[in-house]
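Written below as structure tokens is the structure these notes are about.
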Amino acid sequence: MNIIRIREQILEDSILKKENSEYILPFIKDGEQFDYSFAKVKEKEYCLKIKREGDEIRVTNSYFVGLDWIAERQLAVQVFPKMNNDYEIDYVKMLEDALCASENYEHLNNLIAIDFKKASIKIKQRQDILGIFLITEYLNMLYRIVKRGLRKSFYLQENNLKNKVKGHTLVGKTVAKNLSKGKIADNYCSFQVYDIDTPENRILKRALRFCVHLLALYSQSGNFVQLTNMIRYITPYFDKVSDCFVNERYINEAKSNPIYREYANTVEIAKLIMRRYGYNITLAGKEEINTPPYWIDMSKLFELYVYQHLKKVFSEKGEVRYHAKVHYQEPDFLLKAWGEPYIVDAKYKPRYKSIGVYKDDAREVGGYARLSGVYAHFGLDEETTLPIKCLVIYPDQDKKEYFTFNRSEEPLFDKVKGYVRFYKQGIRLPVITLLQENEDVFPNYRR
């Protein structure tokens, strides 16, 4: 089996290199096109398009990284987070930073899609984007939970009690384990217990063990000090939680209480981690691993990253609102600062460093700024107020990894030529510093 590897954000209908095209040609007819999409709640977004024109293979991809089949069990394609030939995006550091904002935990849906229905793809452990991404998300969520304390609840426990009865007596087990052996005073009982040793917490602890094992392996190719410190903080909270009988059936049958949404979401991520490694912790240590096809939405991750950095500047309640629902639409950010409000939109498009903005993006952001609900949110008069200012934030590696402006004085943003009260602002993304050339996708690296 072979894997074709390409970077993200390839321009439309770019011709693939000949050495890669030769692998794909036998699996696609002339004029045929393969489409890969990311299914979201209300729509589908395309991740990658591959089409053949004669002996040429043309590809178009957007803002997704991931792994999928071209021909099942024969040829796969991997899109990795590298915007150009100069640097590779450190998606783990982006996620770590994004999860520093507590509000972002409410917006993690549609960040990643995993297709367990398709056959798994064998890759080298150092190429495993999915594993470390899930671990980072899970440990940050678990860290928030244990800081408030593990949730107690009632759960059924069975035990063989000496000289007492508690709850319901299990007649069959009492006869088999006690009466048949002459222990006439003992009873095998089922009863409720209120404690932290619940099915949910057992699953969380089992997934934590996977993370400990996996980070020991990843530490050889990266610096994950923050995640390691989280594990040291989290682990003692599970001392009184058993990990006995946490097998695949137990995990699949365990149900989370939807009332506790954050807890339920964390349990689901824990299940994904264990399912991704076939519920077998020993499989996570192999040099080659099997991973299901998946896609990660880097534009969504960029939004979360930008939100965290906006919150560092605008920390007061109500100054920044993320994905407010206004007339069936959702602007990325509503910013109330400096006396005049802004519509802020995060665009994961480094090309904005050298051009203005695309017309479709200008129409989108400008349209948000004309919604009556937005004017109402800011307490503005629709008839007398000047058009609301629009700001597009984009990746720019020549900027700082934080916003240099402050909340007390409005900065002079880059004005977009041809548009009224429309501006741009770049922010640097964390990158991986390459130590070796010509590695498969992930060489050993440092941050």
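Numbers here are sequence positions counted from 1. On a predicted model such as this, the values are computed, not experimentally measured, just so you know.
The side-chain tip of Arg144 points at the ring of Tyr105 from less than 6.0 angstrom away and within 45° of straight on. Figure legend: cation-pi geometry between Lys300 and Phe302 absent, as NZ or CZ is not positioned both under 6.0 Å from the six-membered ring centre and within 45° of its axis. Figure legend: cation-pi geometry between Arg321 and Phe333 absent, as NZ or CZ is not positioned both under 6.0 Å from the six-membered ring centre and within 45° of its axis.
Side-chain contact between Ile112 and Ile114 is present, with at least one heavy-atom pair separated by less than 4.5 Å. Looking at Glu268 and Met141, their side chains never come closer than 4.5 Å, going by heavy atoms from C-beta outward. At a threshold of 4.5 Å between non-hydrogen side-chain atoms, the residues Glu137 and Leu108 count as touching.
Leu412 CG: 12 or fewer foreign heavy atoms inside a 6.0 Å radius. Under a cut-off of 6.0 angstrom, the local environment of NZ in Lys118 is crowded, with over 12 non-hydrogen atoms contributed by other residues, nucleotides or ligands. Enclosure of atom CZ in Arg73 is not indicated, since only 12 or fewer non-hydrogen atoms of other residues, nucleotides or ligands lie within 6.0 angstrom. Heavy atoms of other residues, nucleotides or ligands lying less than 6.0 angstrom from CD of Glu19 number more than 12. The environment of Phe116 atom CZ is dense: over 12 non-hydrogen atoms of other residues, nucleotides or ligands sit within 6.0 angstrom. Within a 6.0 Å radius of NZ in Lys400, other residues, nucleotides and ligands contribute 12 heavy atoms or fewer.
Comment: Glu410 engages Lys389 in a salt bridge, judged by a side-chain N to carboxylate O separation of less than 4.0 angstrom. Between Glu103 and Lys311 a salt bridge is recorded (basic side-chain N to carboxylate O distance below 4.0 Å). Using a 4.0 Å cut-off between a side-chain N of Lys or Arg and a carboxylate O of Asp or Glu, Asp361 and Lys359 do not qualify as a salt bridge. Salt bridge Arg52/Glu32: absent, no basic N to carboxylate O contact under 4.0 Å. Between Glu96 and Lys93, none of the side-chain N atoms (NZ, or NE/NH1/NH2) sits under 4.0 Å from a carboxylate O, so this pair counts as no salt bridge.
Between the side chains of Asp381 and Tyr375, not a single donor N or O lies within less than 3.5 Å of an accepting N or O. In this structure, a donor-acceptor pair under 3.5 Å is absent between the side chains of Glu106 and Tyr322. At a cut-off of 3.5 Å, with distance as the only test, a side-chain donor of Glu364 or Tyr368 sits close to an acceptor on the other residue.
Of all non-hydrogen atoms in Met298 and Val65, the two that sit nearest each other are CG-CG1, 3.9 Å.
Between Phe38 and Phe64, a ring centre-to-centre spacing shorter than 6.0 Å is recorded. The aromatic ring centroids of Tyr260 and Tyr263 lie 6.0 Å or more from each other. Ring to ring, Tyr394 and Tyr348 are not that close: their centroids are 6.0 angstrom or more apart.
When each of Gln78, Lys122, Arg276 is checked for a side chain to side chain donor-acceptor pair (under 3.5 Å) with Thr291, only Arg276 meets the rule. In summary, of the residues considered (Leu272, Leu130, Leu67, Asp68), a side chain to side chain contact (heavy atoms under 4.5 Å, CB included) with Pro292 occurs for Leu130 alone. Each of Leu429, Val306, Leu111 was scored for a side chain to side chain contact (heavy atoms under 4.5 Å, CB included) with Leu301, with one residue passing: Leu111. Considering Arg151, Arg202, Lys205, Lys152 as possible partners of Asp197, the one that fulfils the salt bridge (charged side-chain N to carboxylate O under 4.0 Å, His left out) test is Arg202.
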Do Ile15 and Ile57 pass the side-chain contact (heavy atoms from CB on, under 4.5 Å) test, and can you show the C-alpha distance, the side-chain angles, and the key distance before you say yes or no? CA-CA 6 Å; Ile15 299 175; Ile57 297 296; over 6 Å; no
Can you check ring-ring contact (aromatic ring centres under 6.0 Å, His included) on Tyr233 and Tyr143, steps first, answer last? CA-CA 8 Å; Tyr233 180 89; Tyr143 179 75; 5.0 Å; yes
Using the rule given for side-chain hydrogen bond (donor to acceptor under 3.5 Å, both in side chains), can you reason through Gln425 versus Tyr352, listing the C-alpha separation, both sets of side-chain angles and the distance that settles it, and then say yes or no? CA-CA 9 Å; Gln425 171 66 39; Tyr352 276 176; over 6 Å; no
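The OH atom of Tyr36 sits 14.0 Å away from atom OG of Ser62, with the distance rounded to the nearest 0.5 Å. Here CD of Gln397 is found 5.5 Å from CD1 of Ile89. Values are rounded to the nearest 0.5 Å. Residue Lys51 holds its NZ atom at 14.0 Å from CD1 of Ile24, rounded to the nearest 0.5 Å. For the atom pair Ile28 CD1 and Ser21 OG, the distance stands at 10.5 Å (nearest 0.5 Å). Lys349 contributes atom NZ, which lies 8.5 Å from atom CD1 of Ile355 (distance to the nearest 0.5 angstrom). Taking CZ of Phe154 as the reference point, atom OG1 of Thr198 lies at 12.5 Å (rounded to 0.5 Å).
His323 is linked by a ring-ring contact (aromatic ring centres under 6.0 Å, His included) to nothing, counting only residues two or more places apart in sequence or in another chain. Looking at residues two or more places apart in sequence or on another chain, you find a ring-ring contact (aromatic ring centres under 6.0 Å, His included) between Phe405 and Trp338, Phe403, Phe413. Residues that satisfy the ring-ring contact (aromatic ring centres under 6.0 Å, His included) test with Tyr63, not counting sequence neighbours, are absent from this structure.
Thr60 places a side-chain N or O within 3.5 Å of a backbone atom of Asp13 that can act as its donor or acceptor partner.
In this pair, Tyr419 and Phe422 present their aromatic rings tilted. The plane angle is within the 30 to 60° band.
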